[in-house]
Amino acid sequence: QVQLVESGGGLVQAGGSLRLSCAASGRAFSRDAMGWFRQPPGKEREFVAAIGWFGTTEYADSVKGRFTISRDKPKNTLYLQMNSLKPEDTAVYYCAVQIGVFDRTSPYDYWGQGTQVTVSS
């Protein structure tokens, strides 16, 4: 059974940093795309960043230059380094896996349960 478990969320002041992790189990995702999404309070879930199986990355405009996505294939773990955090980054952050494609407009196949990130002003 595939499981994605996020960790690393918390409360941080504006300008601070957090590093999210997503540990995957149940199968190896070394040839699949992985991504981060977030759902701010009262809003729809939105794309944050994704990384393909060769290391190609994509970012939402709102996080470019501040967030960095990376993965450790042997550990089957995905990361999101978040710097210069802003109050508008407050959201539940989810990791997800996309099987066979690397396309933010296509559905993701597996999702974690989410981790809360709160940025105070």
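Predicted, not measured: the structure shown is a model, and the values here were computed from it.
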request  = Check the pair Phe29 / Val2 against side-chain contact (heavy atoms from CB on, under 4.5 Å), numbers first and verdict last.
outcome  = CA-CA 10 Å; Phe29 294 111; Val2 172; 3.6 Å; yes

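- A distance below 6.0 Å separates the ring centres of Phe37 and Phe47.
- The closest donor-acceptor contact from the side chain of Gln98 to the backbone of Ser106 lies under 3.5 Å.
- For Glu6 (side chain) and Gly114 (main-chain N/O), a donor-acceptor pair under 3.5 Å exists by modelled atom type.
- Between the side chain of Arg66 and the backbone N or O of Ser84 there is at least one donor-acceptor pair closer than 3.5 Å.
- In this structure, Phe54 belongs to a hydrophobic cluster whose other members, linked by side-chain heavy atoms under 4.5 Å apart, are Trp53, Phe102.
- In this structure the side chain of Ser62 never reaches within 4.5 angstrom of the side chain of Lys86, judged on heavy atoms.
- At most 12 heavy atoms of other shown residues, nucleotides or ligands fall within 6.0 angstrom of atom NZ in Lys75.
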query = Glu46 and Gln39: side-chain contact (heavy atoms from CB on, under 4.5 Å), yes or no, with the steps?
reply = CA-CA 6 Å; Glu46 61 186 23; Gln39 186 165 16; over 6 Å; no

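- Shown are Thr90, Thr115, Asp89; of these, the side-chain hydrogen bond (donor to acceptor under 3.5 Å, both in side chains) with Arg38 is made only by Asp89.
- The shortest side-chain heavy-atom distance between Arg19 and Tyr79 falls under the 4.5 Å cut-off.
- Distance CE/Met34 to CZ/Arg71: 6.0 Å, rounded to 0.5 Å.
- Judged by distance alone, the side chain of Asn76 and the main-chain N or O of Arg27 form a donor-acceptor pair under 3.5 Å.
- The minimum heavy-atom distance linking Pro87 with Ala14 is given by the pair CD-CB, 4.1 Å.
- For the pair Asp109/Val97, no side-chain contact is recorded, criterion being any heavy-atom separation below 4.5 Å from C-beta on.
- Of the inter-residue distances, the one linking Trp36 atom CH2 with Met82 atom CE reads 8.0 Å to the nearest 0.5 angstrom.
- Of the inter-residue distances, the one linking Thr68 atom OG1 with Ile51 atom CD1 reads 10.0 Å to the nearest 0.5 angstrom.
- Between the SG atom in Cys95 and the OH atom in Tyr108 there is a gap of 10.5 Å [rounded to 0.5 Å].
- The distance from atom OH of Tyr110 to atom SG of Cys22, rounded to the nearest 0.5 Å, is 13.5 Å.
- Tyr94 and Trp111 have perpendicular rings, their planes meeting at more than 60° on a 0 to 90° scale where under 30° would count as parallel.
- Of the inter-residue distances, the one linking Ser70 atom OG with Leu80 atom CG reads 8.5 Å to the nearest 0.5 angstrom.
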request  = Could you walk me through whether Asn83 and Phe67 pass the side-chain contact (heavy atoms from CB on, under 4.5 Å) test, one step at a time?
outcome  = CA-CA 6 Å; Asn83 299 328; Phe67 290 11; over 6 Å; no

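- Side-chain atoms of Thr77 and Asp72 include no donor-acceptor pair closer than 3.5 Å.
- Between Val117 and the choices Leu20, Val92, Leu11, the side chain to side chain contact (heavy atoms under 4.5 Å, CB included) rule is met once, by Leu20.
- Here the side chains of Glu88 and Pro40 are not in contact, with every heavy-atom distance at 4.5 Å or above.
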